[in-house]
Number of protein chains: 2
Amino acid sequence: MLILSLMEHYSDQLNGIFQALADPTRRAVLRQLGRGSASIGELAQPFAMALPSFMKHIHLLEHNGLIRTRKHGRVRTCTLEKARLAAVDDWLSEQRALWEARTDRLEQFVIADLEKDKDKDRNMEISK
Amino acid sequence: MLILSLMEHYSDQLNGIFQALADPTRRAVLRQLGRGSASIGELAQPFAMALPSFMKHIHLLEHNGLIRTRKHGRVRTCTLEKARLAAVDDWLSEQRALWEARTDRLEQFVIADLEKDKDKDRNMEISK
DNA sequence: TGAATACTTAGTGCAATGGCTAACTAAATG
DNA sequence: CATTTAGTTAGCCATTGCACTAAGTATTCA
């Protein structure tokens, strides 16, 4: 039953997880948390944005299960939820399994599209 | 020089790739293309949305390098760009490398500390 | 050549995203 | 007890995302 409901929402979870990973600020937070737990203030320090803006990223990460947080006094500590990225891993594996199951088919060349990079990162400057 | 510019835009590329993967329609397209190349019409057929809407997904996938397309006559054929997902793989590996590098007692200390406060603090919301 | 096919372009609408400020609460600290 | 510190809440705003319809283009077919 539990497993069923997990399977049922597998895709929804991937939506949220990939969405969460699609932002450089949030990836940077995950990266930092990979080195160990940290408070909101510590995590926010490298970023130029206002704290409430930063908090939204934290909430989104927590909401999608990529981190856990706990408040101790007036300090909220964030911890990486390592197991969560397994969903990404699983998706990648599944995807690869699909195309690797196909025995060699004729793959044709297409001239690579030399699209120029568009919008640079908006507010990714590291302050201080 | 080429490598440098690639490195420089690594983060931008991840933004786009993760964003592209954050949509179930687009993941379904990639999944289908994993079974082999297909035309726009073939790919669109399972979806309830209007064709121009579907096309936007295709364009986004192509723009982010996850697929390539080529037009023959009036038919546009889409092909999976398998190598593109390596960026996701790389990011995952890098992320894991970070946290696996610290399996020392510092991590244990933090965990123990969190466990210790479990009873006092009920403010931690895990709500989904 | 006229009609059907397979996209393609253009423009609309609404919700979600990601930034901001101002003002607030609660927990240290002097 | 007043002040600083660390988040938090509320609300605003510009941009982006993703759906739609209507109409256009370019092949292919009868």
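From a predicted model like this one, the values you see are computed outputs, not experimental measurements. Each chain gets a letter, A, B and so on, in the order its sequence line appears, and its residues count up from 1.
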Student: Please report the distance, rounded to the nearest Å, between CZ in A:F47 and C1' in D:dG7.
Tutor: 17 Å

Student: Are the side chains of A:L51 and A:I40 in contact, using a 4.5 Å heavy-atom criterion?
Tutor: yes

Student: Drop me the distance from B:E94's CD to A:R31's CZ, to the nearest 0.5 angstrom.
Tutor: 4.5 Å

Student: Rounded to whole Å, how long is the line connecting atom CD1 of A:I58 with atom P of D:dG7?
Tutor: 10 Å

Student: Quick one: pull up CD in B:E81 and OG1 in B:T69 and give me the separation to the nearest 0.5 Å.
Tutor: 11.5 Å

Student: Do B:L30 and B:R84 have side chains that get closer than 4.5 Å, going by heavy atoms?
Tutor: no

Student: Could you tell me whether the side chain of A:D89 reaches within less than 4.5 Å of the side chain of B:R96, counting heavy atoms only?
Tutor: yes

Student: Does A:H57 put a side-chain nitrogen or oxygen below 4.0 Å from OP1 or OP2 of C:dT17?
Tutor: no

Student: Using a 4.0 Å heavy-atom cut-off, does A:S39 contact any base of the nucleic acid, only the sugar-phosphate backbone, or nothing at all?
Tutor: sugar-phosphate

Student: Whole angstrom is fine here: how far is it from CG in B:L21 over to P in D:dC18?
Tutor: 12 Å

Student: Between D:dT8, C:dG18, C:dT8, which nucleotide has the shortest distance from any of its atoms to the side chain of B:K71?
Tutor: C:dT8

Student: To the nearest Å, give me how far apart CZ (B:F54) and P (C:dT8) are.
Tutor: 12 Å

Student: Rounded to the nearest angstrom, tell me the gap between atom CE in A:M49 and atom C1' in C:dG18.
Tutor: 8 Å

Student: Separation of A:R76 atom CZ from D:dG7 atom C1', in whole Å?
Tutor: 8 Å

Student: What is the distance, rounded to the nearest whole Å, between atom CZ of A:F18 and atom P of D:dG17?
Tutor: 17 Å

Student: Please report, to 0.1 Å, the donor-acceptor pairs under 3.5 Å made by any side chain of residues 17-27 of chain B, with sequence neighbours excluded.
Tutor:
unit_1, atom_1, unit_2, atom_2, d
B:Q19, OE1, A:Q19, NE2, 3.4
B:Q19, NE2, A:Q19, OE1, 3.4
B:D23, OD1, B:T25, N, 2.8
B:D23, OD1, B:R26, N, 3.2
B:R26, NE, B:A20, O, 2.8
B:R26, NH1, B:H57, ND1, 3.1
B:R26, NH2, B:Q19, O, 3.0
B:R27, NH1, A:N15, OD1, 3.0
B:R27, NH1, B:L21, O, 2.7
B:R27, NH2, A:S11, O, 3.0
B:R27, NH2, A:S11, OG, 2.9
B:R27, NH2, A:N15, OD1, 2.8

Student: Atom CD in B:Q32, atom CD in B:Q45: separation rounded to 0.5 Å?
Tutor: 9.0 Å

Student: From the options C:dA6, D:dG7, D:dC18, select the nucleotide whose nearest atom is closest to the side chain of B:V75.
Tutor: C:dA6

Student: Look at the side chain of A:K56 against the base of C:dG19 and say whether a donor-acceptor pair falls under 3.5 Å; ignore hydrogens and angles.
Tutor: yes

Student: To the nearest Å, give me how far apart CG (B:D23) and P (D:dC18) are.
Tutor: 5 Å

Student: Produce a footprint string for nucleotides 21-27 of chain D: one letter per nucleotide, 5' end first; B if the base is under 4.0 Å from any protein heavy atom, S if only the sugar-phosphate is, - if neither.
Tutor: BB----B

